[in-house]
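All of these numbers come straight from a predicted model, not from anything done at the bench.
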Amino acid sequence: MTLPATPIEFWFDFSSPYGYLAAQRIDDVAAANGSTVAWRPFLLGALFKLTGSSPLLDQPLKGDYARHDMARSARRTGVPFRLPDPFPFSGVAASRAFYWLDGSDPSAAVAFAKRAYAAIFGAGRDLSKPPAVVDVLADCGHDRAAAEAGIADPAVKERLRAAVDSAIERKIFGSPYFLVGDDPFWGVDRLPDLAAWIEQGGW
């Protein structure tokens, strides 16, 4: 039994290299299983405060492994990969830009997310500041003045805060993190299991 009507929630942080890798594949995984994707950026930093964790590349031993594995995983899937400088960085501006677009045109928000991820981890660009994010929005065809105002809009800031609160409430702790109904899948390496879960109706 398949679960075609169950959407996949894709939770990610724009500063997450593994989120970038997942963003290349999640729509195809969903389409192959008759599902849809709800893209949901949030801020890992807020979760780190709760879990006592830290950015992966800052962690002894794990950080060195992750640097190797991220580049290897990108080569495996044929996507460009380059860590931006500085790294880690704040994904606040990019996340606000997403929610500004998502309020009126979710498809435009997803298109921006893909373009932003490509700029960050495909080209190594620094998108930690609003002007750099506005550049990407302009590349997507959005008016610069409207984009600047959108990122600074208190209502948009509140949407991001609400997303972070929702992530905490739903016990989301990493990026990428997927939800199919109430079932969680953490990490880009769980995409095959996620696809099988939808195809088989769970187990």
Please give me the minimum heavy-atom distance between [X] and [Y], naming the atom from each residue.
| X | Y | result |
| --- | --- | --- |
| Gly122 | Tyr20 | CA-OH, 3.8 Å |
| Trp186 | Ser175 | NE1-N, 4.1 Å |
| Gly63 | Leu57 | O-CD2, 3.5 Å |
| Val164 | Leu43 | CG2-N, 3.8 Å |

Carefully, step by step, assess Phe178 and Phe185 under the rule ring-ring contact (aromatic ring centres under 6.0 Å, His included). CA-CA 5 Å; Phe178 311 96; Phe185 297 84; 7.8 Å; no
Take Arg115 and Leu137 through the test side chain to side chain contact (heavy atoms under 4.5 Å, CB included) and record every step on the way to the result. CA-CA 9 Å; Arg115 183 74 69 93; Leu137 288 165; over 6 Å; no
Donor-acceptor pair, Asn33 side chain versus Val29 backbone, under 3.5 Å? yes
Quick one: [atom1] on [X] to [atom2] on [Y], what's the gap to the nearest 0.5 Å?
| X | Y | atom1 | atom2 | answer |
| --- | --- | --- | --- | --- |
| Cys140 | Leu101 | SG | CG | 8.0 Å |
| Arg40 | Arg170 | CZ | CZ | 9.0 Å |
| Leu127 | Phe14 | CG | CZ | 9.0 Å |
| Ser90 | Leu44 | OG | CG | 11.0 Å |
| Lys129 | Phe89 | NZ | CZ | 11.0 Å |
| Asp69 | Asp189 | CG | CG | 8.5 Å |

Can you find a heavy atom in the side chain of Ser16 that is under 4.5 Å from one in the side chain of Phe121? no
Given side chains that start at C-beta, do those of Pro176 and Phe10 come closer than 4.5 Å, heavy atoms only? yes
Residue pair Asp13, Ser15: steps toward the side-chain hydrogen bond (donor to acceptor under 3.5 Å, both in side chains) verdict: CA-CA 5 Å; Asp13 188 313; Ser15 69; 2.8 Å; yes
Please step through ring-ring contact (aromatic ring centres under 6.0 Å, His included) for the pair Phe42 and Phe12, ending with a clear verdict. CA-CA 6 Å; Phe42 72 110; Phe12 63 95; 8.0 Å; no
Apply side chain to side chain contact (heavy atoms under 4.5 Å, CB included) to the pair Ile8 and Leu179, showing each step before the final yes or no. CA-CA 6 Å; Ile8 301 167; Leu179 289 170; over 6 Å; no
Quick test of your reading: applying side-chain hydrogen bond (donor to acceptor under 3.5 Å, both in side chains), list the pairs with at least one residue in residues 21-31, sequence neighbours left out, ordered by first then second residue. Asp27-Trp39, Asp27-Lys114
Between Trp197 and Glu199, is the side-chain hydrogen bond (donor to acceptor under 3.5 Å, both in side chains) condition met? List the steps. CA-CA 6 Å; Trp197 182 268; Glu199 181 181 359; over 6 Å; no
Could you go through residues 74-88 and list every donor-acceptor pair under 3.5 Å that involves a side-chain atom there, pairing it with any protein atom two or more places apart or in another chain?
residue : atom : partner : partner atom : Å
Thr77   : OG1  : Ser73   : O            : 3.1
Thr77   : OG1  : Ala74   : O            : 3.3
Arg82   : NH1  : Ala123  : O            : 3.4

Could you give the side-chain donor-acceptor pairs of residues 153-161 under 3.5 Å, partners two or more places apart or in another chain?
residue : atom : partner : partner atom : Å
Asp153  : OD1  : Ala155  : N            : 2.9
Glu158  : OE1  : Arg161  : NE           : 3.1
Glu158  : OE1  : Arg161  : NH2          : 3.0
Arg159  : NH1  : Tyr99   : O            : 3.0
Arg159  : NH2  : Asp102  : OD2          : 3.0

Quiz: residues 91-98 side-chain donor-acceptor pairs under 3.5 angstrom, not counting sequence neighbours:
residue : atom : partner : partner atom : Å
Ser95   : OG   : Gly91   : O            : 2.9

List the steps, then state whether side chain to side chain contact (heavy atoms under 4.5 Å, CB included) holds for Val180 with Glu9. CA-CA 7 Å; Val180 181; Glu9 294 182 46; over 6 Å; no
Under the side chain to side chain contact (heavy atoms under 4.5 Å, CB included) rule, collect the residues that match up with Lys62, sequence neighbours excluded. Leu56, Gln59
For Tyr18, enumerate each residue passing the ring-ring contact (aromatic ring centres under 6.0 Å, His included) test, keeping only those at least two apart in sequence or located in another chain. none
